[in-house]
Amino acid sequence: MYQPLPEAFYARDTVLVARELLGALLVHINDEGITVGKIVETEAYLQGDPACHAARGMTPRNSVMFGPPGRAYVYFTYGLHYCFNVVTAAAGIGEAVLIRAVEPLAGIHLMKKRRGRERLTELCAGPARLVQAFGITKQHNNTDLTNGPLFIAAAAAPPPQIHVTTRIGIKEGADLPLRFYIKGNKFISKK
DNA sequence: AGTACGATTAGCT
DNA sequence: GCTAATCGTACTC
């Protein structure tokens, strides 16, 4: 029913991918059930960008970013949270798009159970929140988003109006306009 | 071997 | 608005 976007979708300019991911559907199927949400907020992390994990060369943690596009880059931060990215561009480049917020569409009961929250706006508005709501774990790091239980499907609606701002929660590169979200959407992580 | 800190969140003032 | 929670990672000595 949902068809994963092909590797060719991810193997393009990272900013373009970040913009075109808005409206696309994040899908995860596991033994607990299926969860689906519309991607409403993304951030691009680029080569030569001081905020990018890959900016200072390859390390064990960021090596996935240098791998083929269309893989999941899941990293641990603040001692208790995970964030989910899609690897973009081409192998060896080290760029990715952080998925920052999703609008819940299906599997909402499961999301509520995983999050321990009832309000829809508290389920998937924030990078670590959506990871928890979708049951994404460190086991998904480096998994193939074009062929597997965790994937992204093409948008069901025409391209949305996009708002561009600076990125959230970073110190270096904080002035770059690399955050994208769907104008007027109620499930954004922050105004 | 030691240490500083982070692409966050929740709860409290 | 402020800050504790919490630990893997990267970097220094």
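So that the names make sense, note that chain A is the first sequence line, chain B the second, and so on, each numbered from 1. Values below: every heavy atom of this structure, side chains too, minus hydrogens, waters and symmetry copies.
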Should A/Arg12 and A/Glu20 count as an ion pair when the cut-off is N to O under 4.0 Å?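 Yes, A/Arg12 and A/Glu20 are salt-bridged.
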Using a strict cut-off of less than 4.0 Å between a Lys/Arg side-chain nitrogen and an Asp/Glu carboxylate oxygen, indicate whether A/Asp49 and A/Arg167 qualify as a salt bridge.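 Counted as a salt bridge, because a side-chain N and a carboxylate O are separated by less than 4.0 Å.
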Compile the donor-acceptor pairs under 3.5 Å between side chains in residues 124-134 of chain A and protein atoms, sequence neighbours left out, one pair per line.
from: A/Arg129; atom 1: NH1; to: A/Ala125; atom 2: O; distance (Å): 2.9
from: A/Gln132; atom 1: OE1; to: A/Arg115; atom 2: NH1; distance (Å): 2.7
from: A/Gln132; atom 1: NE2; to: A/Arg114; atom 2: O; distance (Å): 3.4

Both distances under 3.5 Å, Watson-Crick or G-U wobble: on that basis, could you give the dot-bracket string for DNA chain B, with [ ] for crossing pairs and | for other-strand partners? ||||||.|||||.
Between the protein and nucleotides 8-11 of chain C, which nitrogen or oxygen pairs come in under 3.5 angstrom?
from: C/dA10; atom 1: OP1; to: A/Thr59; atom 2: OG1; distance (Å): 2.2

Residues of residues 9-25 of chain A with any non-hydrogen atom less than 4.0 angstrom from an atom of DNA chain B: list those, numerically ordered, please.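 Close to the strand, none.
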Heavy-atom contacts under 4.0 Å between residues 90-100 of chain A and DNA chain B, which residues?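 A/Leu98, A/Arg100, in order of number.
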What are the two closest non-hydrogen atoms of [X] and [Y], and how far apart are they?
{"X": "A/Met111", "Y": "A/Pro104", "value": "SD-CB, 3.7 Å"}
{"X": "A/Leu22", "Y": "A/Glu41", "value": "CD2-N, 3.5 Å"}
{"X": "A/Arg179", "Y": "A/Ile188", "value": "NH2-CG2, 3.4 Å"}
{"X": "A/Lys186", "Y": "A/Thr121", "value": "O-CG2, 4.0 Å"}
{"X": "A/Val74", "Y": "A/Lys138", "value": "CG1-CA, 4.2 Å"}

Report all side-chain donor-acceptor pairs from residues 75-89 of chain A shorter than 3.5 Å, counting only partners two or more places apart or in another chain.
from: A/Asn85; atom 1: ND2; to: A/Tyr73; atom 2: O; distance (Å): 3.1
from: A/Thr88; atom 1: OG1; to: A/Thr14; atom 2: OG1; distance (Å): 2.7
from: A/Thr88; atom 1: OG1; to: A/Glu95; atom 2: O; distance (Å): 3.4

What are the bounds, 5' to 3', of the part of DNA chain B that sits under 4.0 Å from heavy atoms of chain A?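 Both ends considered, the range comes out as B/dG6 to B/dG11.
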Determine the contact category for A/Arg179: base if any of its heavy atoms lies under 4.0 Å from a base atom, sugar-phosphate if only primed atoms, P, OP1 or OP2 are that close, otherwise nothing.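 Counting heavy atoms under 4.0 Å across all strands, no contact is made by A/Arg179.
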For A/Ala51, report the nucleic acid contact type (base, sugar-phosphate, nothing); a contact means any heavy atom under 4.0 Å.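 It contacts base atoms.
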Who pairs with A/Asn141 by side-chain hydrogen bond (donor to acceptor under 3.5 Å, both in side chains), at least two apart in sequence or on another chain?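 For A/Asn141, no residue satisfies side-chain hydrogen bond (donor to acceptor under 3.5 Å, both in side chains) once neighbours in sequence are set aside.
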Set of residues satisfying side-chain hydrogen bond (donor to acceptor under 3.5 Å, both in side chains) with respect to A/Thr166, sequence neighbours excluded: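 A/Thr166: no side-chain hydrogen bond (donor to acceptor under 3.5 Å, both in side chains) contacts found.
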Using the test ring-ring contact (aromatic ring centres under 6.0 Å, His included), find all partners of A/Tyr181 that sit at least two apart in sequence or belong to another chain.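 A/Tyr181: ring-ring contact (aromatic ring centres under 6.0 Å, His included) contacts with A/His163.
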Which ring pair (Phe, Tyr, Trp, His ring centres under 6.0 Å) pairs, counting each pair once, include a residue from residues 13-46 of chain A, with sequence neighbours left out?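 Counting only pairs at least two positions apart or across chains, the ring pair (Phe, Tyr, Trp, His ring centres under 6.0 Å) contacts touching residues 13-46 of chain A are A/His28-A/His140.
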Using the C1' atom as the reference point in each nucleotide, state the distance between C/dT3 and B/dC5 in Å, no decimals.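 Per the computed distance, 15 Å lies between those C1' atoms.
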Can I get a per-line list of side-chain donor-acceptor pairs under 3.5 Å for residues 146-156 of chain A, giving both atom names and the distance, sequence neighbours left out?
from: A/Thr146; atom 1: OG1; to: A/Asp144; atom 2: OD1; distance (Å): 2.7
from: A/Thr146; atom 1: OG1; to: A/Asp144; atom 2: OD2; distance (Å): 3.3

Which of these, A/Val97, A/Val40, A/Val15, A/Ile39, sits in a side chain to side chain contact (heavy atoms under 4.5 Å, CB included) with A/Phe180?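 Of the listed residues A/Val97, A/Val40, A/Val15, A/Ile39, the side chain to side chain contact (heavy atoms under 4.5 Å, CB included) partner of A/Phe180 is A/Val15.
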